[in-house]
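Residue numbering restarts at 1 for every chain, and letters A, B, ... go by the order of the sequence lines. All figures in this text were calculated on a predicted structure; none of them were measured in a lab.
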Amino acid sequence: MIEKTYQPADIESRISAAWEAAQAFRAGRPERRDAKPYCLVIPPPNVTGSLHMGHALNNTLQDILCRFERMRGRDVLWQPGTDHAGIATQMVVERQLLERQQPSRRDMGREKFLERVWAWKAESGGTIVNQLKRLGASCDWSRERFTMDEGLSRAVLRVFVSLYNDGLVYRDKRLVNWDPTLLTAISDLEVQQVEVRGHLWYIRYPVEELPDAYITVATTRPETMLGDTAVAVHPEDERYAEFVGRHAVLPLVGRRIPIIADDYSDPEKGTGAVKITPAHDFNDFEVGRRHHLAQINVLDTEGNLDLAGNSAFLEGVPQSAELDETLKLHGVDRFIARKTIVARLEAAGVLEKIEPHTHMVPHGDRSGTVIEPFLTDQWYVDAKALAVHAIDAVRDGRTVFVPKNWEKTYFEWMEKIQPWCISRQLWWGHQIPAWYGPDGKVFVAETEEEAVARALAYYAETEMITPIEGRDMALDPERRTPFLIRDEDVLDTWFSSALWPFSTLGWPEETEELKRYYPTDVLVTGFDIIFFWVARMMMMGLHVMEKVPFHTVYIHALVRDERGAKMSKSKGNVIDPLDLIDAYGADALRFTLAAMAAQGRDIKLAKSRVEGYRNFATKLWNACRFAEMNGCAAVPGFDPRSATETLNRWIAHETVHAVREVTEGIEAYRFNDAAAAVYRFVWNVYCDWYLELAKPVLLGPDGAAKAETRAMVAWVRDEILKLLHPFMPFVTEELWAVTASADADGAMEATPAPVSQKKGAASRAKPSGKASKTGSRSASAKSTAKSTAKRSAESEPADPPPSGNGGAGAGRATLLALASWPDLPGLENADAEAEIGWVIDLITAIRSVRTETNVPSAAQLPLVLIGASASSRERAERWAEFINRLARLSAISFADTPPRGAVQLVMRGEVVALPLAEFIDIPAERARLTKEQAKADADIARVDAKLGNPDFLARAPEEVVEGEREKREEALARHEKFAEALERLKGVE
RNA sequence: GGGCGCGUAGCUCAGCGGAAGAGCACUACCUUGACAUGGUAGGGGUCACAGGUUCGAUCCCUGUCGCGCCCACCA
């Protein structure tokens with residue numbers, strides 16, 4: 001028995017439990033062992049995160065695909081899991097420590113701190129998973145993985161070591177993007193360019209060889225001048241030709257630096273002379289290499305000036321009072337130092353001018369602080385080498401992007417890819433498996449034992465072990481091994497994410513799952529992580545597995561706020577999907593996201609849409625109730641092809657049409673089209689017309705027609721539940737179960753569905769606070785009480801439903817989630833379509849004219865068909881009862897001319913008259929007819945313009961021309977009918 | 001500077017070569033025995049602008065104007 005009111009909250013948790021109990025989403029279910037596998041890996045959310053709108057969209061689309069393919073019989077593995085999210089998670093925990101005034105990360109030490117992070121992971125790690133379950137994500141939750149699992153960690157080590165051995169991972173000293181707040185290097189992708197209004201400072205550097213001459217450089221970063229090692233001008237810049245080869249004397253420092261010619265210098269920018277600071281600028285670094293300039297790092301890791309005791313800085317600089325003054329800036333923050341230096345330059349009279357200047361400044365995407373190009377040793381992946389195959393794979397179509405235009409973005413980035421800096425100076429993550437010997441020699445191995453063994457072998461052959469500063473050279477007396485120090489750094493989180501499609505399937509073990517499900521089928525993700533993740537999975541998948549990780553990459557839009565801005569906590573414009581689920585149900589949210597997921601466009605989410613689709617779920621609910629109340633129950637073995645009633649043949653025809661639209665929509669990743677198709681079918685076809693037209697039969701006397709109609713109502717309902725299930729899994733599963741129990745009541749050979757049994761118990765056991773607030777409590781309480789009484793008379797099956805039974809005709813032995821997707825050959829029926837189409841058009845026309853002429857809705861009018869053809873006459877007689885009911889008629893008759901005072905309308909070229917002398921307003925009626933006639937005239941004019949064009953007749957395809965001719969005939973006939981009608985109206989006056 | 005995308009009904013968006021569509025909002029009527037989270041009917045759009053291709057353009061091409069995003073760039 002279906003509850004009177006649709007309350008999503010009541011249903012959802014119960015249905016989730018039923019799926020879980022039946023292990024409905026487990027991959028490799030026994031009955032599907034021979035089925036074709038279908039695999040998706042979830043984009044792993046941050047383990048300590050919570051569900052946001054992007055997740056909701058991303059996972060809704062994946063779930064639609066998975067449920068669809070599962071119903072089509074595939075052996076589906078939707079692989080779930082979470083990501084350790086190195087920087088983000090470490091930051092959260094550090095903030096907690098600060099807030100609780102507990103010892104800082106450094107105070108407590110690495111081991112204790114990591115314990116602390118694991119504890120936080122244990123505490124909050126379930127949140128996102130539960131939220132995904134609330135959304136209805138049909139992942140195989142028994143296979144949940146975490147990027148720092150033992151297995152996945154082993155995969156990370158294995159890949160790192162193998163890349164190192166292949167020379168694709170290496171250590172290098174070069175400039176990196178350094179985050180002075182987080183004290184770690186970050187990759188290019190983690191740097192955000194932010195427009196900043198700053199200044200350009202013009203500084204005069206005296207030229208040593210030419211008294212009173214100077215060269216002016218412009219800079220946005222005066223503080224880095226302390227590390228200048230040259231001034232560069234363009235080789236062809238005549239203004240500075242005489243300076244090249246001479247030297248400038250660095251103000252405030254006194255260092256003598258060469259003036260060099262390099263075409264990096266752009267005569268258009270600044271003064272055309274640019275200061276070169278190789279240790280603090282990526283471009284200058286390259287210039288410095290070309291000219292063998294010293295690299296003078298004048299900052300420490302936290303972004304403070306590092307001067308005193310800095311041998312590189314002091315080398316070759318003469319003692320002076322000026323220098324002594326500058327050395328006082330040691331330890332001062334870079335931005336404070338900037339001000340001081342500018343003031344001192346001004347005091348020294350070398351500050352030529354200051355201009356306002358807007359430019360892009362790199363910021364860390366996590367910390368928000370200004371990134372410092374910084375000279376350090378880091379680990380890199382030779383991305384360029386790996387990218388070659390990843391580019392080829394997309395070029396030759398082994399992997400395709402949907403929509404296709406993202407391939408261009410992918411290529412563009414891949415083709416100019418830079419070395420990927422993978423080391424992070426963090427603690428939370430996969431520690432790099434590299435050990436250093438006393439002489440700095442690196443040993444990379446999966447285990448410490450192996451590294452030690454390699455070191456022993458190495459040092460056995462090496463007589464000389466050169467001591468290096470600060471390192472203890474003694475051999476470990478216990479183990480008699482060289483003293484090795486493990487690299488403290490961890491790997492970029494995306495390194496482990498890049499392995500996700502195979503590491504989650506058990507690699508490096510050769511597991512059954514790996515063989516069966518790799519390569520996976522589709523990756524569904526947002527365009528914002530094409531570079532971070534998709535590109536790197538392509539590289540790693542091809543390198544490690546030698547096969548693309550997925551055949552298709554479906555790129556969906558970003559969910560934005562109603563103004564189109566990216567949702568972010570800092571902007572405060574976040575809509576919490578959980579709030580929407582609470583308010584309207586997960587099904588409504590899912591349907592909204594699917595309906596709005598048109599390719600190539602961002603989603604600006606409007607709450608009203610969600611509400612509208614909640615109403616849609618309610619509509620479905622009530623349609624099912626209607627069916628139930630009218631004894632419409634699935635008839636085992638019912639074959640819709642055997643239907644004889646035209647109405648039933650028509651709805652079967654329409655069902656086929658809807659099935660095709662929905663199927664093709666999902667297959668083409670056109671989720672919005674699929675959603676729109678099922679929406680239209682359910683509401684505008686099944687509810688608005690089929691059920692309305694079926695009412696006279698269902699309310700009429702028993703007999704063959706009624707039995708057939710009942711069976712058909714239930715059959716179409718079931719097809720609808722299937723079609724809608726990928727979009728709205730909860731309400732459909734619920735209705736599937738509940739209607740099954742109705743079937744049982746109806747003495748059909750249906751199996752009672754345990755789901756609905758449990759449901760009664762659950763909703764009685766703990767009525768939710770919400771339910772009692774709705775006001776419909778009393779109604780639903782009554783119906784619950786009734787159904788409870790009924791149910792308690794039935795036997796309660798103790799076991800969960802036998803799963804996986806294909807449900808061959810017999811009731812609901814299976815969950816809807818495991819039912820078969822509709823495949824309905826042989827149901828098209830053009831005759832039924834034509835006939836019911838005629839009925840619908842007639843009813844619509846009558847309703848329209850009734851409203852326009854202000855006929856009270858309760859009034860029952862007679863209808864006269866004027867000069868009806870034989871077929872129209874037959875149809876009218878056959879459908880009289882139906883038309884009368886829906887158009888509120890008293891009777892239908894036939895005549896050659898309309899009665900006096902009748903309103904006349906034209907429907908499919910025939911005149912229909914409604915004698916309503918008592919309601920008719922002659923002037924208004926004339927106006928109405930004239931307007932209709934004008935419409936016909938406009939149509940004729942438009943068509944004539946085309947048909948009068950010889951080029952059109954000559955060049956347009958035959959059927960188009962023919963179509964125009966038909967339109968003209970139709971419009972002409974319409975014009976005539978209205979002309980006649982107007983003529984007759986004159987007779988009335 | 002390089003690239004991508006968007007300007008269609010009041011709002012949020014589909015459609016993308018042969019007579020302008022949906023949801024929400026709006027107007028009128030309807031407590032009809034599934035549903036007022038509903039029903040019926042209706043109003044509302046020179047599809048940003050200008051050229052071009054075509055028998056035909058909201059749809060293809062070019063340009064202009066607005067808007068957004070990505071990448072690069074600290075003189």
Side-chain angles (χ1 to χ4, degrees), chain A residues 2 4-6 188 193 196 198 200-202 217-221 224 232 265-266 268-275 280-283 357 359-362 370-371 373 405-406 408-409 412-413 416 527-528 530-531 558 560 562 564-566 584 592 595-596 598 600-609 611-630 672-673 676 679-680 687-688 691-692 695 699 844 847-852 854-858 885-886 888 938-939 942-943 945-946 949-957 959-961 963-964 967 971:
Chain A
I2 303 175
K4 181 156 170 48
T5 318
Y6 164 57
D188 300 344
Q193 302 292 339
V196 170
L200 251 187
W201 286 273
Y202 289 76
V217 298
T219 180
T220 56
R221 300 204 54 193
T224 62
S265 179
D266 181 350
E268 305 292 313
K269 284 186 183 172
T271 61
V274 58
K275 64 195 259 322
H280 293 289
D281 182 282
F282 288 99
N283 291 312
H357 181 70
H359 60 141
M360 302 298 270
V361 178
V370 176
I371 291 304
N405 57 311
W406 289 110
K408 182 157 187 170
T409 307
E412 214 151 281
W413 187 72
K416 55 177 184 181
F527 63 80
D528 52 331
I530 290 178
F531 305 145
L558 244 44
R560 299 174 181 278
E562 56 237 292
K566 208 167 167 173
Y584 304 108
T592 307
M596 296 185 79
R601 191 169 186 146
D602 287 342
I603 295 178
K604 288 188 227 164
L605 192 71
K607 237 181 179 179
S608 58
R609 273 310 266 274
E611 191 178 338
Y613 291 122
R614 188 274 318 270
N615 296 352
F616 174 57
T618 304
K619 186 74 183 178
L620 173 75
W621 185 267
N622 283 307
C624 291
R625 279 185 68 218
F626 171 80
E628 182 186 74
M629 291 163 79
N630 284 281
N672 56 319
D673 286 351
Y679 183 94
R680 264 198 307 273
C687 291
D688 288 351
L691 292 184
E692 291 304 327
K695 278 178 182 175
L699 299 171
T844 306
R847 282 169 170 173
S848 181
V849 85
R850 285 181 65 121
T851 306
E852 283 175 43
N854 293 315
V855 174
S857 34
R885 179 191 168 86
L886 294 184
R888 302 207 156 235
D939 288 346
R942 185 160 21 77
V943 175
K946 280 194 180 185
N949 180 347
D951 285 334
F952 174 72
L953 297 176
R955 301 184 194 232
E959 60 272 21
V960 172
V961 176
E964 292 299 318
K967 276 180 211 162

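Rounded to whole Å, the distance from CZ on A/R850 to P on B/U40 is 14 Å.
Minimum atom distance to the side chain of A/L200 is reached by B/A75, of the listed B/C69, B/A75, B/A14. Set against B/C30, B/G38, B/A14, the side chain of A/N615 has B/G38 as its closest nucleotide. Nearest to the side-chain atoms of A/N405 among the listed nucleotides B/U37, B/G23, B/C4 stands B/C4. Listed candidates were B/C29, B/U12, B/C35. Nearest to the side chain of A/S857 is B/C29.
Taking the nucleotide of RNA chain B with the nearest heavy atom to each of A/K946 and A/A232, the more 5' of the two is matched to A/K946. Closest-nucleotide positions on RNA chain B for A/R221 and A/N622 were compared, and the one nearer the 5' end corresponds to A/N622.
For a distance-only test at 3.5 Å, the side chain of A/E268 fails to qualify as a donor-acceptor partner of the base of B/A75. The base of B/C4 has none of its N or O atoms less than 3.5 Å from a complementary donor or acceptor on the side chain of A/K408.
A close approach under 4.0 Å does not occur between any side-chain nitrogen or oxygen of A/K619 and OP1 or OP2 of B/C35.
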Between the protein and nucleotides 41-44 of chain B, are there any N/O to N/O pairs under 3.5 Å, and if so, what are the atom names and distances?
residue, atom, partner, partner atom, Å
B/A41, O3', A/S848, OG, 3.3
B/G42, OP1, A/S848, OG, 3.0

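With sequence neighbours left out, A/R625 forms a side chain to side chain contact (heavy atoms under 4.5 Å, CB included) with A/I2, A/K4, A/W621, A/N622, A/M629.
Among the heavy atoms of the strands lying under 4.0 Å from A/R885 is at least one base atom, whether or not backbone atoms are also near.
How far CG of A/N283 is from CG of A/D266: 11.5 Å, rounded to the nearest 0.5 Å.
In this pair, A/Y613 and A/F616 present their aromatic rings perpendicular. The plane angle is above 60°, beyond the 30 to 60° band.
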